[in-house]
Structures are given as structure tokens and as C-alpha cells.
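If you're wondering where the values come from, they're calculated on a predicted model, not measured in any experiment.
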Amino acid sequence: MLWDASAIKGFTIEATDGPLGSVSDFLFDDDNWRIKWLVVDTGNWLPGRLVLIHPVALGKPAASLRQFPVSLTKQQVMDSPVIATDQPVSQNMESRLYDYYGWDPAWGETYFQSGAIASPLVPPPFLAGAFPHAANHVGLLADGSDPHLRSMSALTGYHIQASDGQIGSASDFLIDDKDWMLRFVKIDTGNWLPGAQVLIAPSVVQKINWIDSSIIVAATRDEVKHSSKFDPSKTVDGAYQQALLLDLPMYYGF
């Protein structure tokens, strides 16, 4: 099933012995467009602390209860490596989490390789506040940070740039709860195509540029204009995904 990322935000993470907190963000790998971590705000239980949960620990989300079950105890999470909220997530920190919980770091790596992003143009995500200005990121990737880890919240609102002009902004992301792939970027076309929404598959993304907050796609404005538009009243199942992709299969394929 495909979920709007915005709909899952705020879901309670339910451990085997009680609630851990709520989903505040998703971190995904721009090499394979798979969710790598759920960022959990622990609220009053562990004040001032954020926790990363790997998708392998998650059960199916329960929409009626607005919660995720996880195969963890509260004590396990309490004793897990502490994540500094004012620093980017480093590869060393990820390794410590994998080792502590016994999670497989290779989970899902070979499922999909878009090959679309030529170079890492987005800085690793900070877990609190907005991204600092570019001048503060000089040499950032040299400190061991994961250059392919992206904050979904940070990308929301980015301008979508076609080869011949802007087509809208990223309003949401559709996530498949079966394999935690990011299947589509949802685009609000604004005044250009009033009232329309378009879904763009990761394979159309050429690069993400954090300096001007834009996502560059390999399509023209005319191609997007004449593609099938997203109908939010329909369930985005396999058949509907295929129907959305028929107009521009080389650009919108998944």
C-alpha cells in the first residue's frame, strides 16, 4: 500500500511494552530511494532526544490507530546510541545503530538503483531545525557524514524544475509500506496547472540542488502538462500506478 508521507507523520511508534514517541521525519537514500530511517520524537519520555528506527523493525502501520508496532522494547531504545540533534547523521552513527540492534546494513540496497543523481548536491540532514546556509557546509561530507541520506521534510516544498522551466513544488511523497521504497514525488503545479497534481517517479530525477532548493527532472513542461494527472480520490494501487505511467514510460517508469 502507498502512503502519503505527511499522513504517517505523527503516527505513534508502539514498542512491545508501550509507546516510544511519534514519527517526525523520514530519511531516505538517494541511491535507491528507499526509506532508511524513521526519525522518532520521543517527547516527554526521553526529553530532548530523537531516535532513529530502521524499517526492518516496523510492523504494518495501523491507520485507524495512527500507530506503528515495532519489535523493540522501550529499554532497548533508552540504551541505544545517543544521536546529537545538532549534527548530521554520520556513517559511524549508522554503524553503531546497526551493531547495537543487530540490523542488516545491506537491507534493500540492491532493490532499485536509479542512477539519476550524478553527484550529492544535498547536504546530510540535521535532525533539528532548518539547514544552515551554504557557507556553513564547507567540508561537511569529509566528516564521515552519509552523503546520500536525505530528509524528506527538508525536500518538501522544493521547486520542481523541468528542462525548460519550473512546473511546481514537491508537496508530498508516496511511500510503499511493503518495501519502504519512495515510489513517487507528489507535485503541486500551482498557477501553472491550477488544481492539478502530478506524480513523478524517482527515475525522472536528475539531481537535487539544495543551494536553490530545487529538484531537476528529465522532462519538459509540455510532457508533464499532457501526462495523466493524479486523482487523490483513487487508491494508488499497482493498476493505477501503471495507468499514471503510460503517458511517459521512459520518464515516469518505476
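A single hydrophobic cluster is seen to contain both L46 and L52, as judged by linkage of ILVMFWY side chains at heavy-atom distances under 4.5 Å, directly or through other members.
The shortest distance between side-chain heavy atoms of F68 and V23 falls below 4.5 Å. Between V217 and I160 there is a side-chain heavy-atom pair separated by less than 4.5 Å. Taking the side chain as every heavy atom from C-beta outward, T42 and L20 never approach each other to under 4.5 Å. Taking the side chain as every heavy atom from C-beta outward, V77 and I13 never approach each other to under 4.5 Å. A 4.5 Å side-chain heavy-atom check between L199 and V185 finds every atom pair outside the cut-off. At a threshold of 4.5 Å between non-hydrogen side-chain atoms, the residues V40 and F11 do not count as touching. For the pair T12 and R66, the minimum side-chain heavy-atom distance is 4.5 Å or more.
When the ring pair (Phe, Tyr, Trp, His ring centres under 6.0 Å) test is applied to Y98, the partners found at least two apart in sequence or on another chain are W37, H54. Remark: F173 engages no residue in a ring pair (Phe, Tyr, Trp, His ring centres under 6.0 Å) (not counting sequence neighbours). Under the rule for a side chain to side chain donor-acceptor pair (under 3.5 Å), the partners of D177 that lie at least two apart in sequence or sit in another chain are W3, K60. For S95, the side chain to side chain donor-acceptor pair (under 3.5 Å) criterion is met by no residue, not counting sequence neighbours. For N44, the side chain to side chain donor-acceptor pair (under 3.5 Å) test picks out no residue, with sequence neighbours left out. Partners of D99 under the side chain to side chain donor-acceptor pair (under 3.5 Å) rule, at least two apart in sequence or in another chain, do not exist in this structure.
Between R183 and D176, at least one side-chain nitrogen of the basic residue sits less than 4.0 Å from a carboxylate oxygen of the acidic one, meeting the salt-bridge criterion. With salt bridges taken as basic N to acidic carboxylate O contacts below 4.0 Å, none links D17 and K74.
Side-chain atoms of N32 come within 3.5 Å of backbone N or O of R34 as a donor-acceptor pair. With hydrogens and angles disregarded, a donor-acceptor distance shorter than 3.5 Å links the side chain of R221 to the backbone of Q166. The backbone N or O of W192 lies less than 3.5 Å from no partner atom in the side chain of T189, so there is not a single donor-acceptor pair.
Using modelled atom types, one finds a donor on one side chain and an acceptor on the other under 3.5 Å when comparing S153 with K9. At a cut-off of 3.5 Å, with distance as the only test, a side-chain donor of D25 or S151 sits close to an acceptor on the other residue. Using modelled atom types and a 3.5 Å distance limit, the side chains of T220 and D222 yield no donor-acceptor pair. Side chains of S214 and N209: a donor-acceptor N/O pair is absent below 3.5 angstrom, by distance only.
Each of L182, D172, L27 was scored for a side-chain contact (heavy atoms from CB on, under 4.5 Å) with M152, with one residue passing: L182.
The nearest pair of heavy atoms linking P81 to Y100 is CD-CG, 3.8 Å.
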